[in-house]
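Just follow the structure's listing: the first ligand is 1, and inside any ligand the first atom is 1.
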Amino acid sequence: MVRIVLCRPSHPGNIGAAARAMKTMGLSDLRLVAPERFPAKEAEWMATNAADVLEQAKLHATLHEAIHDCVAAFALSARGREWSPQVLDVRTAALRAAEIEGPIAFVFGNETAGLTNEEMFSCQYLVHIPANPEFSSLNLAQAVQVVAYELRMSVDVAIPFARVEKRATVEDLEGLYAHLEAAAVASGFMTPTSRLRERWRRLFSRVPAFEREEVNILRGLLKALMPAKHGGHEPRE
Ligand code: SAH
């Protein structure tokens with residue numbers, strides 16, 4: 001779902017190296033907007049075993065054509081700009097991208113000139129790769145590598161936690177809070193007017209992606225611990 005868009009790349013070697021960077025991280029949709037020279041031998045040399053990504057790369061005359069069907073576009077820039085779309089660092093951008101359904105583009109600029117303002121403003125986000133302020137401009141293909149890596153991390157590491165269908169809903173959480181309160185009052189641990197209920201809301205609000213199953217485990221435990229007359233299990237004896 002993520003495509004990598006190179007705007008007006010001037011060195012074909014960078015196109016090949018970008019294809020390779022993509023393939024190592026599991027990306028395959030490469031778009032080239034008005035490349036100076038393509039296809040080219042240097043691109044093939046640098047792509048090595050990512051020749052398939054290169055062969056499938058789509059050529060576009062304009063950036064608009066390359067991203068018009070995307071639900072989100074992230075522009076990469078080495079330079080901060082006075083006026084720009086919302087600025088994100090690359091890790092935050094990758095995490096955000098992982099949560100979006102539908103086609104997404106990461107858009108890179110030309111090796112010497114970067115992205116034009118117009119290209120940048122076709123995107124909703126401006127992404128920077130934190131770097132040495134004295135020398136912040138990475139090689140184009142290396143910038144693609146960093147983005148592809150962060151995307152990989154966001155999917156492999158963050159997505160299992162973020163899988164939407166598994167997430168506990170507000171209703172699930174309210175069920176848990178009510179259960180905790182009932183158990184805490186029934187056991188004499190808490191008086192009905194205690195502020196503890198706010199403390200555990202605060203506690204559970206720090207769980208980044210609470211899953212329904214985890215809520216159910218806690219509720220199962222509470223049920224097992226509660227005296228039978230309060231809706232718990234019969235003592236096992
Ligand atoms: N001299 C150009 C930079 C060209 S580097 C300029 O000042 O804009 C080629 C492309 O790699 C950039 O357009 C950008 O898309 C990406 N890139 C390089 N370094 C980056 C960084 N630190 N953060 C974000 N993108 C970067």
Practice item. Answer yes or no: does an N/O atom from I129 fall short of 3.5 Å to an N/O atom of ligand 1? Key: yes
Review point. Is K41 paired with E44 through a side-chain N to carboxylate O contact shorter than 4.0 Å?
Key: yes
Review point. Any heavy atom of V90 sitting closer than 4.0 Å to ligand 1?
Key: no
Check your understanding: What is the closest protein heavy atom to atom 2 (C) of ligand 1, and at what distance does it sit?
Key -> T112 O, 3.6 Å
Practice item. Taking all non-hydrogen atoms of both residues into account, name the closest pair between E36 and S10 and its distance. Key: OE1-CB, 3.3 Å
Exercise for review: Would you confirm whether Q56, through its side chain, and S28, through its main-chain N or O, come within 3.5 Å as a donor-acceptor pair?
Suggested key: no
Point to revise | Which residues share a side chain to side chain donor-acceptor pair (under 3.5 Å) with E42, sequence neighbours left out | key: R37
Review point. Quick one: nearest non-hydrogen protein atom to atom 14 (C) of ligand 1, plus distance?
Key: L76 O, 3.3 Å
Point to revise | Nearest-0.5 Å distance that lies between atom CG in D172 and atom CG in L218 | key: 12.0 Å
Exercise for review: Measure the distances from the heavy atoms of V127 to every atom of ligand 1 and state whether one is below 4.0 angstrom.
Suggested key: yes
Point to revise | Proximity winner for atom 21 (C) of ligand 1, if only heavy atoms of A78, A113, S10 are counted | key: A78
Review point. Out of L138, D89, V5, L115, whose heavy atom sits nearest atom 5 (S) of ligand 1?
Key: L138
Point to revise | With T112 via side chain to side chain donor-acceptor pair (under 3.5 Å) - residues at least two apart | key: N110
Study note, to complete from the structure: atom 6 (C) of ligand 1 has as its nearest protein heavy atom R79 NE, 3.4 Å
